[in-house]
Amino acid sequence: MSVLNLSLSLIFVLIPLILSKTLRLGLEKDTFIATIRSIIQLIAVGFILTFVFESDSYLFIILMVALMIGAATHNAQKKGASIKGVIWKLILTFVFIELLTQGILLGFQITPPTAQYIIPISGMVVGNSMVLAILFLNRFTSEIQTQKKETELLLSLGGTPKQAIHLPLIHSIKASLIPTIESQKTIGLVQLPGMMSGQIIAGADPIQAVQFQLLILFLLLTTAAVTSIMLGFLSYPTLFNERMQMHKIKTDEEN
């Protein structure tokens, strides 16, 4: 793609700007900032990845993955600000997911141990894990508020914190997993996934592209399940004090 063609694609940014202005949505500034940031960030990442790929150093690979985890943690922690130690819970979850998925991929030699494979796959894994963490934390804090009386009743009747929080926790885990599961049911029928589409546009054999895309789909399914469950079981004990009383939890709107 030439620079001219890329410049012409800004038409797709101009359309939502015009619609926002016409309908007085007030999204012009955010749309403009998002566009500028995406251009700067992606160009910067392009140069960084070129350097990392050429150096083929595991140190730079680790630093790139660490940067991804740091950015994902910073973004997700806003949704769980009321949960004590949420930052470290998120970091632990993201690091575990990364080690688990790359351990399987590299351990079974499913993908080569090179930056070309590790960094893009890690980006998909950490990015998906971040989205799932945000979905879970948002739903979990809401469920806690909604079922607060039921939870306190169970505690007053002698239930343990784990028993009292069981339903809100399970409902939150299930709710955060639904988008991933439902999207996989219609994959290939409603949409062609990004990785598969990118490979096909680049001239790869469609069957080869499908194989890689299936690998990513299976990978993201594990990522979604482990993220929600691990973050949930790391979070719920900090909702109670030593007397087994619930701390006050604020929702995203209250924060």
Side-chain angles (χ1 to χ4, degrees), residues 45 48-77 79-80 83 85-137 140 169-170 172-174 176-181 183-184 187 193-196 198-199 204 207-237:
V45 168
I48 292 171
L49 288 179
T50 300
F51 171 76
V52 173
F53 289 170
E54 290 177 352
S55 67
D56 202 24
S57 169
Y58 284 107
L59 175 61
F60 291 126
I61 294 174
I62 293 171
L63 288 175
M64 280 294 297
V65 174
L67 178 62
M68 293 173 187
I69 292 175
T73 301
H74 175 72
N75 193 38
Q77 60 91 21
K79 297 295 182 180
I83 298 176
V86 69
I87 291 177
W88 292 107
K89 291 175 174 61
L90 287 166
I91 291 175
L92 184 60
T93 300
F94 294 151
V95 170
F96 178 79
I97 286 292
E98 174 67 12
L99 292 176
L100 174 65
T101 53
Q102 289 296 338
I104 293 173
L105 290 174
L106 301 179
F108 287 96
Q109 298 182 347
I110 299 173
T111 56
T114 61
Q116 181 183 355
Y117 287 87
I118 294 176
I119 292 177
I121 291 176
S122 295
M124 292 183 223
V125 168
V126 175
N128 189 71
S129 186
M130 178 192 71
V131 172
L132 264 294
I134 290 172
L135 289 174
F136 170 79
L137 290 171
F140 192 39
L169 179 61
I170 295 303
S172 302
I173 291 173
K174 289 176 65 176
S176 62
L177 284 172
I178 286 174
T180 300
I181 295 173
S183 66
Q184 290 202 11
I187 207 78
M195 183 178 184
M196 176 180 168
Q199 286 189 314
I207 299 301
Q208 186 72 21
V210 166
Q211 291 174 343
F212 271 102
Q213 187 60 60
L214 285 173
L215 166 64
I216 298 303
L217 289 178
F218 301 154
L219 195 66
L220 296 186
L221 192 58
T222 286
T223 299
V226 175
T227 297
S228 298
I229 294 171
M230 184 172 177
L231 190 56
F233 280 88
L234 285 174
S235 298
Y236 90 80

Self-check item: Distance in Å, I170 CD1 paired with I173 CD1, rounded so as to fall on 0.5 Å steps
Solution: 4.5 Å

Quiz item: Say you draw a straight line from CD1 of I62 to CD1 of I69; how long is it, rounded to the nearest 0.5 Å?
Solution: 10.5 Å

Quiz item: Mind checking whether V52 and S57 have side chains closer than 4.5 Å, heavy atoms only?
Solution: no

Quiz item: Should the ring pair F140 and F136 be called parallel, tilted or perpendicular, given that the plane angle runs from 0 to 90° and is split at 30 and 60?
Solution: parallel

Validation: residues 101-118 side-chain donor-acceptor distances under 3.5 Å, sequence neighbours left out:
from, atom 1, to, atom 2, distance (Å)
T101, OG1, I97, O, 2.8
T101, OG1, E98, O, 3.2
Q102, NE2, S122, OG, 3.2

Practice problem: To the nearest 0.5 angstrom, please state how far the CD atom of Q77 sits from the CG atom of L90. | Solution: 7.5 Å

Quiz item: Distance only, no hydrogens: is a donor on one side chain within 3.5 Å (strictly under) of an acceptor on the other, for S129 and T227?
Solution: yes

Quiz item: Roughly how far apart are L219 CG and M124 CE, rounded to 0.5 Å?
Solution: 9.0 Å

Quiz item: Do K89 and L92 have side chains that get closer than 4.5 Å, going by heavy atoms?
Solution: no

Practice problem: For F51, enumerate each residue passing the ring pair (Phe, Tyr, Trp, His ring centres under 6.0 Å) test, keeping only those at least two apart in sequence or located in another chain. | Solution: F60

Quiz item: Are W88 and T73 close enough that some pair of their side-chain heavy atoms sits under 4.5 Å apart?
Solution: no

Practice problem: Please list, chain by chain and in numerical order, all residues satisfying side chain to side chain contact (heavy atoms under 4.5 Å, CB included) with A72, sequence neighbours excluded. | Solution: F94, V126, M130

Self-check item: Side-chain heavy-atom pair L214, F218 within 4.5 angstrom cut-off
Solution: yes

Quiz prompt | K174 side, atom NZ; I229 side, atom CD1 - distance, nearest 0.5 Å | solution = 12.0 Å

Quiz item: Going from OG on S176 to CG on L132, what distance comes out if it is rounded to the nearest 0.5 angstrom?
Solution: 5.5 Å

Practice problem: May I ask you to decide if T180's main-chain N or O and S183's side chain share a donor-acceptor pair within less than 3.5 Å? | Solution: yes

Quiz prompt | Least distance between heavy atoms, L137 atom then A76 atom | solution = CD1-O, 3.7 Å

Self-check item: Residue pair F233 / L169, side-chain heavy-atom distance below 4.5 Å
Solution: yes

Quiz item: So V125 and M68, side chain to side chain contact (heavy atoms under 4.5 Å, CB included) or not? Walk me through it.
Solution: CA-CA 10 Å; V125 168; M68 293 173 187; over 6 Å; no

